[in-house]
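Accompanying notes for the structure given below.
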Amino acid sequence: MGVRLMVVDDHRLLAEALASALKLRGHRVLAAAAPSAGAADLVVSRAPEVCLLGTAQPAQPGAFDPVVRIKKERPQVAVVVLGPVPSPRGIAAAFAAGASGYVRNDERIEGVERAMMKARAGESAVSPQLLQQAFEELLHPAAQPDDEGARLLELLTPREVEVLMRVADGEDTRLIAAGMDIAPSTARTHVQRVLMKLEVGSRLEAAALAARTGLLDRAGGGRAGRTAAGGGGGGPPPPAPRGGEPPVYPTPGG
């Protein structure tokens, strides 16, 4: 038996194309509409069995406000969200708002149809593959250089940024001290401050966090300047460590 449904999406062409495909498969489409901002009013007035609600940004605050209202005024309507590959936050927000399912917007029509049928039957409609992708992102978060990297960079002084970059390059305390012309005790203090500000427990964690969030890329200008000043650019070699130890780096030409 066909499902009585509505398709709502910000992109009218997508809504109409999906509606046409579902009609051909024997379902009764009450409406195919845009934009999704008016979804709640439309669904409340037409009372379908299932509403397919398209969203391009499932993790954006307020993305599922229409779902909240639909479930409040028409609790019998099952809402299935059509969206991009989501973050765990996006899936959680959809179900917290009252959605019955979440389907990728590049899913085959058969997958959308299965989700509709399950939602109408009162079951949760989300594929195991989609849940696996969400948990993978939760366990191995993607780099977010545009926000997290910038925030972390603002926490550090220019000198601490240089220390972090040297840590990421694998330098130990003695090498950091020699390269920055500071005492080892001062270098150690800088490292500890970096770890504290980044809220990590080791140099390895600090380097991994900096790489994952794009912090190192954002500070790349400083890295280039440091390389030119302290590398093979013809400048004077770094001083020898204190305490009478031999120089850490060879002198030019040596």
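These numbers come from the heavy atoms of this one structure, side chains and all, not from hydrogens, waters or symmetry mates.
Each of Val3 and Met6 belongs to its own hydrophobic cluster when Ile, Leu, Val, Met, Phe, Trp and Tyr are linked at side-chain heavy-atom distances under 4.5 angstrom. Val7 and Tyr102 fall into different hydrophobic clusters, where Ile, Leu, Val, Met, Phe, Trp and Tyr are joined by side-chain heavy atoms under 4.5 Å apart, directly or via other members. No chain of hydrophobic side-chain contacts below 4.5 Å, direct or via other Ile, Leu, Val, Met, Phe, Trp or Tyr residues, connects Met165 to Leu204. Both Leu155 and Val191 are assigned to one and the same hydrophobic cluster, defined by single-linkage of ILVMFWY side chains at heavy-atom distances under 4.5 Å. Val81 and Val68 fall into different hydrophobic clusters, defined by Ile, Leu, Val, Met, Phe, Trp and Tyr side-chain heavy atoms under 4.5 Å apart, directly or through other members.
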Just list the side-chain donor-acceptor pairs under 3.5 Å for residues 71-78, sequence neighbours left out, or say none.
residue, atom, partner, partner atom, Å
Lys71, NZ, Pro75, O, 2.9
Lys71, NZ, Val77, O, 2.7
Glu73, OE2, Arg69, NE, 2.9
Arg74, NE, Val44, O, 2.8
Arg74, NH2, Val44, O, 3.0

Please table the atom pairs, donor to acceptor, closer than 3.5 Å between any side-chain atom in residues 12-23 and protein atoms at least two apart or in another chain.
residue, atom, partner, partner atom, Å
Arg12, NH2, Ala34, O, 3.4
Ser20, OG, Glu16, O, 3.0

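For the atom pair CG of Asp106 and CG of Leu82, the computed distance is 10.5 Å after rounding to the nearest 0.5 Å. With rounding to the nearest 0.5 angstrom, the NE2 atom of His190 is 9.5 Å from the CD atom of Glu162. Distance CG/Leu53 to CG/Asp9: 8.0 Å, rounded to 0.5 Å. Between atom CD of residue Glu154 and atom CG of residue Leu215 there is a gap of 10.5 Å, rounded to the nearest 0.5 Å. With rounding to the nearest 0.5 Å, the separation of NZ in Lys197 from CG in Leu164 is 11.5 Å.
Residues Arg114 and Glu110 have side chains in contact (heavy-atom distance under 4.5 Å, counting atoms from C-beta outward). No side-chain heavy atom of Arg28 sits less than 4.5 Å from a side-chain heavy atom of Glu49. You'll find the side chain of Glu160 stays beyond 4.5 Å of the side chain of Leu198, heavy atoms only. Between Leu52 and Val8, every side-chain heavy-atom pair lies at or beyond the 4.5 Å cut-off. Counting only heavy atoms from C-beta outward, the side chains of Phe95 and Val126 approach each other to under 4.5 Å. Arg193 is not listed as a side-chain neighbour of Thr157, based on a closest heavy-atom distance of 4.5 Å or more. No side-chain heavy atom of Met117 sits under 4.5 Å from any side-chain heavy atom of Glu123. In this structure, Val43 and Pro48 have side chains that are in contact, with non-hydrogen atoms separated by less than 4.5 Å.
The minimum heavy-atom distance linking Val163 with Met180 is given by the pair CG2-SD, 3.7 Å. Nearest heavy atom pair, residue Met116 against residue Leu5, reads CE-CD2, 3.4 Å. Gly98 and Val67 make their closest contact through C-CG1, 3.9 Å (heavy atoms, listed as atom of the first residue, atom of the second, distance). The two atoms that bring Leu42 and Ser45 nearest to each other are O-OG, 2.8 Å, heavy atoms only. Here the closest heavy-atom approach between residue Ala119 and residue Ser100 is recorded as CB-CB, 3.9 Å. When all heavy atoms of Thr173 and Pro184 are compared, the closest pair comes out as CG2-O, 3.4 Å.
Looking only at distances, no side-chain donor or acceptor of Asp169 sits under 3.5 Å from a matching main-chain atom of Glu171.
More than 12 heavy atoms of other residues, nucleotides or ligands shown are found within 6.0 angstrom of CD on Glu205.
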Step-by-step side-chain contact (heavy atoms from CB on, under 4.5 Å) determination, Val50 to His27: CA-CA 11 Å; Val50 175; His27 301 288; over 6 Å; no

Stepwise salt bridge (Lys or Arg N to Asp or Glu O under 4.0 Å) test for Arg174 and Asp172: CA-CA 6 Å; Arg174 187 177 65 170; Asp172 59 16; 5.1 Å; no

Chi angles and distances behind the side-chain contact (heavy atoms from CB on, under 4.5 Å) call for Val167, Val194: CA-CA 10 Å; Val167 167; Val194 169; over 6 Å; no

